[in-house]
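Order of the sequence lines fixes the chain letters, A, B, ..., with proteins taken first and strands second; residue numbering starts at 1 for each chain. On a predicted model such as this, the values are computed, not experimentally measured, just so you know. All heavy atoms count here, side chains included; hydrogens, waters and symmetry mates do not.
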There are 2 protein chains.
Amino acid sequence: MTDAQSYSLDDFLPYLFSQAADALSLEFQQTYRTKYNMLRTEWRVLFHLGCFGDLTAKEICDRSNVHKTKVSRAVASLEKRGFLTRETMATDRRHSVMCLTAEGREVFKDLQSEAQTYNAALKQTMTPEEFETLHSLLLRIAQRQ
Amino acid sequence: MTDAQSYSLDDFLPYLFSQAADALSLEFQQTYRTKYNMLRTEWRVLFHLGCFGDLTAKEICDRSNVHKTKVSRAVASLEKRGFLTRETMATDRRHSVMCLTAEGREVFKDLQSEAQTYNAALKQTMTPEEFETLHSLLLRIAQRQ
DNA sequence: GGTAAATAGTATCATTCGCAACTAATTATT
DNA sequence: AATAATTAGTTGCGAATGATACTATTTACC
């Protein structure tokens with residue numbers, strides 16, 4: 001590897017990560033944008049509730065590193081569409097716990113199946129060893145925040 | 001790996017990529033935001049010109065997969081700050097070729113050095129084998145667009 | 001050669017984002 | 001117990017984004 005190369009965009013990891021993440025996001029968002037007219041943050045909130053059970057907005061913020069205003073707006077939108085309900089906690093009325101409705105769970109199941117199909121196809125494009133390395137690196141780097 | 005896990009966010013590559021890319025971007029943007037009050041697209045345009053020589057806006061769009069309106073605005077901003085100049089091509093007056101000014105080259109060199117330092121530190125957090133695997137996967141996935 | 005299609009880049013406008021200020025509720029301090 | 005500090009969540013507002021329409025120029029085609 002020459003000096004010139006090591007100084008260039010082609011080896012700069014934050015840039016490459018961003019390009020790769022954008023490419024995947026662009027492909028995958030078709031599944032929730034066209035079918036349910038959902039934004040990415042809305043998809044994330046839905047999946048946090050679907051995958052991890054009932055949570056407060058704060059818990060979703062902490063898990064996903066999404067800004068609280070974005071989560072707040074996504075929650076409001078999902079609630080308006082009848083995909084989730086909120087209940088103020090009796091023990092601390094600042095918190096409200098969110099819970100998917102029957103319809104919300106239906107939508108989650110549908111999109112979860114789409115996600116699994118997409119993910120499986122993507123895994124197919126790499127060897128199991130490559131996947132393991134990638135997966136552990138992604139987790140490690142995502143922890144940095 | 002259980003079924004439940006394979007259906008969950010924790011293994012979903014587009015999500016993990018996005019989280020990792022965001023974490024790195026958040027760290028790295030300090031170098032150009034605080035020092036030069038630059039946006040990411042502006043940084044990218046500067047680096048395309050610095051790394052690959054004079055280009056038209058269209059060429060930057062094609063190389064970086066950034067929308068032409070974003071590039072257009074980034075170019076206008078860099079021009080206003082005196083970091084680049086534009087010259088309409090004589091052979092086709094629709095194109096204009098951009099060229100870093102002396103000041104623009106200075107800024108590029110400074111930020112390039114920051115980028116190299118950052119990248120080297122990031123590489124240190126993984127083995128050479130991990131890096132090679134990661135790098136080739138990132139390139140492959142970024143190509144998808 | 002004149003008209004239509006294509007291309008580079010800009011402008012417009014509606015949507016989304018992110019910061020900061022705000023409300024409401026709880027906890028800590030004295 | 002009163003006041004201050006903290007926390008969860010929302011709102012308002014200016015900045016950034018993205019889709020579309022537009023201008024100017026070139027190329028294709030009849």
Count the heavy atoms belonging to other residues, nucleotides or ligands that lie under 6.0 Å from CZ of A:Arg33, then report whether that count exceeds 12.
no
Please report, rounded to the nearest Å, how far the P atom of D:dT17 is from the CG atom of A:Leu26.
16 Å
Centre of B:Tyr15's six-membered ring, under 6.0 Å away, within 45 degrees of the axis: is that where NZ or CZ of A:Arg44 sits?
no
Roughly how many Å is it from CD in A:Gln29 to C1' in C:dT16, rounded to a whole number?
13 Å
Tell me if a side-chain donor or acceptor on B:Arg73 pairs with a main-chain N or O of B:Thr41 at a distance below 3.5 Å.
no
Output one letter per nucleotide in nucleotides 5-15 of chain C: B when a protein non-hydrogen atom lies under 4.0 Å from the base, S when only the sugar-phosphate is that close, - when neither is.
-BBSBBBB---
Show the nearest heavy-atom pair for residues B:Ser64 and B:Ile60, with the distance to one decimal.
OG-O, 2.6 Å
Between C:dC19 atom P and B:Asn37 atom CG, what is the distance in whole Å?
13 Å
What is the distance, rounded to the nearest whole Å, between atom CH2 of B:Trp43 and atom P of D:dA16?
19 Å
Interatomic distance, CG@A:Leu122 vs OG1@A:Thr117, rounded to 0.5 Å, equals 12.5 Å
Separation between NE2 of B:His135 and CZ of B:Arg140, rounded to the nearest 0.5 Å:
13.0 Å
Take atom CZ of A:Arg93 and atom C1' of C:dT27, then tell me their distance rounded to the nearest Å.
15 Å
For A:Glu87 and D:dG9, what is the distance between atoms CD and C1' respectively, to the nearest whole Å?
17 Å
